[in-house]
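Everything numeric in this text was worked out from a predicted model, so none of it was measured.
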Amino acid sequence: MSESAIARVVVDSPLPQLDRLFDYSIPDALASEVVAGVRVKVPLRSAGRVADGLVVEVAERGGFDGPLSEIDSVVSPIPVLTPEVWRLARQAADRAAGSANDILRLAIPGRQVRVEKTFLGATESEPIPVVASPTVQHYGETIDSVVTDRSRIALSAVPGVTELRDGRWVRTWAVTLAQAAAACVARGDTAILVVPDYRDQNQVEAALAQYLPPELIIRADARQSNPDRYRGFLRGLGDTALAVVGNRSTVYFPAKRLGLIALWDDGDPLHAEPLAPYVHARDAALIRQEQRGCALIFASHSRSSEVQRLVELGWLIAVDPVRAAHPKVVPTAHQLSDDPMAQRARIPSLAWRTAREAVAHGPVLVQVARPGYSPRLACADCGQTARCLRCSGPLAQRSAGSTPSCSWCGMLSTSWSCSHCDGTRLRLVGAAGSTRTAEDLGRAFPGVRVIIADGEHPIEHVGSSPALVIATRGAEPIADGGYRAVLLLDGEQMIARESLRVAEDCLRWWSNAAALAAPGAVSVLSGVGGELATAMATWRQADFAARELRDRRMLRFPPAVRVATVTGTLAAVAEAIADLPVEPSDVLGPVDLGSATVRSIVRFDYSAGSEIASALRSELIRSASGRRSAARGGRPTTPALRVRLDDLEPFLES
DNA sequence: AGCACGCCGACT
DNA sequence: GTCGGCGTGCTC
């Protein structure tokens, strides 16, 4: 250790102008403790103030010529920031015009002293279990070679459910990903499996347990306690190859030797990180794959337009199951049944017949668009949405005959009058929610068990006995052996939303539900025609994705182009856009958002991405550090300029 | 964010 | 002549 060695530190601060490395000298007393990756405290601008930081590297000299301050102290001897994760955080942040710090907050859980103590205490080398490599089924030799060759693929998942050795049923894709992960671990490399939510996670974990001992399976998600999360994180810093399964931030999990990143259903909005700088798990995975050179699998039933773009570029190879057995999906017009009971439940005749025949033999899944009883209450006289008299929130009814209450503040609306026309009578508008559909179907099928699965009543499994399972989209339980029929009831209503992604989302919701059907069982898609219906009936979602992407290219909508939203005062936004170095494809706006704020949308090609991102970033830093605010004495209002890349929100609005 | 440095109006 | 206003800029 040379006495001139310095530590390069990333300081924990939300300020964009501090988002770079600071050089510190290392006092002799700390020479052996200051190593790359450890948490430190460092003085920042006038001693006395100390900031938390992470040592990115220890070097002979840095890029700073001035006098250096000394590292104040080492917080913990554990190197929690690996060089690989640092590079990933830096590049992900740069791509999104954000701070590496914000990524590191997602990547590194908060410190837990007790957990660290036990971790450091248990240093005796645990015997590493020998793992046999399973073959990945359904895809020939392809996926096994994906893991060995470290290729990048878009995988069409095998529809259906599979029984595990312990008698539990999971979606077949969970077994596929578990097999790929186990094959990776057997080669001595860590596999990271990223899934949208805890229910997917449970399935993948159950499937993994068939191939790996429990000590090699790490769960990483926001629902577990901080100590549990930190314990799992610290295990990732070790030498043992693991299978790690978790939500979007798991893509940043540390791994000595990373062999595979697999991401299930990248179109699910849960993969979009809601915290700045809003880096989507798909993009983080792509960056990490490129840096690390590991295998990469995007698996789904319904291909996203983003993945389709990468397939067309040749960046991802499309891989399909060897035998193309797919669910039988029958689109049907929304023609109501002649049966009065079916009419009451607003069920089309084909769906009605299908359900009646199938429910004699086992569970039938009914997918509806919304939870609850009724989506909307309106004034019976003027038709305006009925609103709460206290807070103007929309009124909703929980069950038949119950008093309407406000969906925002919960106030019961006992004596309501319309604010538009003074009417006092309410009426139900729109399609029924899960509760009301359940009531109607319960009456129509007397003696059949009715199960509701939605956000309020989460259910992961149902058995194989006859039942009507009413589920909101995305909340469908798994039926042992698969459903005997699937009714996709509210297609019309789901498509009716005005949004860039409706078609893609609908195809995803329906495909994921139809994939729960038993072999040979029929799925009825009601009220939907055209290309979406064709895509479902032929189970060729990739074709639809290609068409969708073609349309986006014509409209110059993402993901055909990249976008950035620039928000702030008119002057700041105008300046930021005027200073862009390359001519962006075009600029939309500015539009007035009220309270002296405007927003412009910049559209540009992927090739201009890094240049645009860094230009907007330096503009942001200039705006944040320079003139603090145009107005009087530093009021803590919104900053003069905000920048967000790949912000789809303006395109999603209805 | 904090906090120092810096260049114009009232003060012993 | 200096004390201090807070606009401007930096933080290794």
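- Remark: C1' of B:dA1 and CG of A:Asp52 are 15 Å apart, rounded to the nearest angstrom.
- At the heavy-atom level, A:Phe64 lies under 4.0 Å from base atoms of the strands shown.
- Ion pairing between A:Glu306 and A:Arg501 holds under the 4.0 Å rule for side-chain N and carboxylate O.
- A side chain to side chain contact (heavy atoms under 4.5 Å, CB included) with A:Lys41 is found for one member of A:Val9, A:Ile71, A:Val74, A:Asp52 and no other, namely A:Asp52.
- Taking both residues in full, the closest heavy atoms of A:Arg552 and A:Pro558 are given as NH1-O, 3.0 Å, listed atom of the first, atom of the second, then distance.
- Rounded to an integer number of Å, the gap from CG of A:Asn101 to C1' of B:dA1 is 14 Å.
- The side chain of A:Leu18 sits closest to C:dT11 out of B:dA1, C:dC12, C:dT11.
- Atom-to-atom, CG of A:Asp72 to P of C:dC12 comes out at 13 Å; the value is rounded to the nearest Å.
- Residue A:Ile621 contributes atom CD1, which lies 15 Å from atom P of B:dA1 at whole-angstrom precision.
- Here B:dC3 presents its C1' atom at 14 Å from CD of A:Gln17, a figure rounded to the nearest Å.
- Here A:Arg20 lies in heavy-atom contact (under 4.0 Å) with a base.
- A salt bridge between A:Arg90 and A:Asp19 is present, with a side-chain N of the basic residue lying under 4.0 Å from a carboxylate O of the acidic one.
- Rounded to a whole Å, the CZ atom of A:Arg49 is 7 Å from the C1' atom of B:dC3.
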